[in-house]
Amino acid sequence: MKQKIRQPKLVTLVGYFATPFALFLGCMAVAFTNSEGWEKTLSLGLLGFAAFFNSVFPRFLRQQSVTEKGKNVKFRLYMNLLVNSAVVYLLGAEFRPLWMLLALTPIATAIYGNRARTLFNAVTASVLLVGIQILRGGASATDWAQLAVEIAFIVLISLLVNGVSAMAAHPEKSVQFPR
């Protein structure tokens, strides 16, 4: 199933705000975590790659045909999700706010995608957070409770943003609530 992007300019707008936030959050984690070694170095390299990739991508996207844009936007989204997941895994135990990196993909999807794609990406980000928690091991009941709140935020805020975005794009339509 092809994903129809509501407005290609929204992809650029999302990148304009999400990329600086992701880089700021990642750099704060690198600067304020205690781990010294390959985790910080690899995270810094991944953040550098993300900065380059996301600054070049809009220029690349402008040169694409309409049929190729949707596929390339998905590629960018999942590349960012992969990079963000690695940074969260490497430094997230020491810098708790890093989980927000994984919220960016479903929130971005919510702005220019449909509800089903938004929910899919929110669930994917949530599963990644659970996987990271399991891989780290040694989680307490409080850690799992915090994770549940993070997952609820990702899913519910993504769906909220998607509903608002749909209403803004088509004010004549009302948002349909699941029953």
Side-chain angles (χ1 to χ4, degrees), residues 3 5 8-64 68-113 117-118 120-139 143-144 146-147 149-151 153-155 157-158 161:
Q3 177 183 5
I5 297 172
K9 289 182 180 181
L10 289 176
V11 175
T12 303
L13 182 65
V14 167
Y16 184 76
F17 291 101
T19 300
F21 177 73
L23 293 173
F24 172 71
L25 184 58
C27 288
M28 293 299 282
V30 169
F32 290 100
T33 54
N34 293 323
S35 66
E36 295 293 330
W38 68 271
E39 293 95 347
K40 267 190 173 181
T41 304
L42 181 56
S43 294
L44 200 54
L46 288 168
L47 292 168
F49 166 76
F52 175 76
F53 179 72
N54 286 296
S55 66
V56 170
F57 188 84
R59 288 182 218 125
F60 169 76
L61 191 62
R62 273 185 245 134
Q63 299 169 359
Q64 298 296 304
E68 294 293 313
K69 283 184 181 181
K71 183 170 51 172
N72 288 317
V73 167
K74 280 185 193 178
F75 174 74
R76 176 189 187 189
L77 205 69
Y78 293 118
M79 177 61 74
N80 282 321
L81 184 61
L82 181 66
V83 168
N84 291 345
S85 296
V87 173
V88 171
Y89 174 74
L90 293 169
L91 300 178
E94 286 190 59
F95 196 78
R96 290 289 301 169
L98 269 179
W99 69 269
M100 289 187 282
L101 286 176
L102 296 181
L104 293 175
T105 296
I107 290 171
T109 304
I111 293 169
Y112 55 76
R117 178 60 59 186
T118 298
F120 176 81
N121 286 343
V123 169
T124 300
S126 299
V127 167
L128 287 168
L129 274 175
V130 170
I132 289 168
Q133 184 88 311
I134 290 169
L135 287 173
R136 284 188 191 139
D143 293 330
W144 287 106
Q146 287 176 354
L147 183 68
V149 171
E150 293 163 2
I151 288 170
F153 177 86
I154 289 171
V155 172
I157 292 300
S158 296
V161 169

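- The minimum heavy-atom distance between Val14 and Ala108, with the atom names listed, is CG1-CB, 3.4 Å.
- Remark: the backbone N or O of Tyr16 is not paired with any side-chain donor or acceptor of Thr19 at under 3.5 angstrom.
- With rounding to the nearest 0.5 angstrom, the CE atom of Met100 is 4.5 Å from the CZ atom of Phe21.
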For residues 77-88, run the donor-acceptor check on the side chains, cut-off 3.5 Å, and write out each pair with its distance to 0.1 Å, sequence neighbours left out.
residue: Tyr78; atom: OH; partner: Arg117; partner atom: NH1; Å: 3.3
residue: Tyr78; atom: OH; partner: Asn121; partner atom: OD1; Å: 2.5
residue: Asn80; atom: OD1; partner: Asn54; partner atom: ND2; Å: 2.9
residue: Asn80; atom: ND2; partner: Asn54; partner atom: OD1; Å: 3.0
residue: Asn80; atom: ND2; partner: Arg76; partner atom: O; Å: 3.2
residue: Asn84; atom: ND2; partner: Asn80; partner atom: O; Å: 3.2
residue: Asn84; atom: ND2; partner: Leu101; partner atom: O; Å: 3.3
residue: Ser85; atom: OG; partner: Leu81; partner atom: O; Å: 2.8

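- Atom OG1 of Thr118 and atom CD1 of Ile154 lie 13.5 Å apart (nearest 0.5 Å).
- Note on Arg96 versus Glu150: salt bridge recorded, some NZ/NE/NH1/NH2 to OD/OE distance being below 4.0 Å.
- To the nearest 0.5 angstrom, Thr105 atom OG1 is 11.5 Å from Phe120 atom CZ.
- With rounding to the nearest 0.5 Å, the separation of CG in Leu129 from CD in Gln133 is 8.5 Å.
- Looking at every heavy atom in both residues, Glu94 comes nearest to Asn34 through OE1-N, 2.7 Å.
- Remark: Leu147 CG to Trp144 CH2 distance equals 6.0 Å, nearest 0.5 Å.
- Across every non-hydrogen atom of Ile107 and Val161, the tightest pair is O-CG1, 4.2 Å.
- Here the closest heavy-atom approach between residue Leu47 and residue Ala22 is recorded as CD2-O, 4.3 Å.
- Scanning all heavy atoms of the two residues, the minimum distance from Ala110 to Ser158 falls at CB-O, 3.1 Å.
- Atoms CG and OG1, from Leu46 and Thr41 in turn, are 11.0 Å apart once rounded to the nearest 0.5 Å.
- Contact record, Gly26 with Leu98: CA-CD2, 4.2 Å, taken as the closest heavy-atom pair.
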Step by step, would you call Phe95 with Leu25 a side-chain contact (heavy atoms from CB on, under 4.5 Å)? CA-CA 9 Å; Phe95 196 78; Leu25 184 58; 3.9 Å; yes
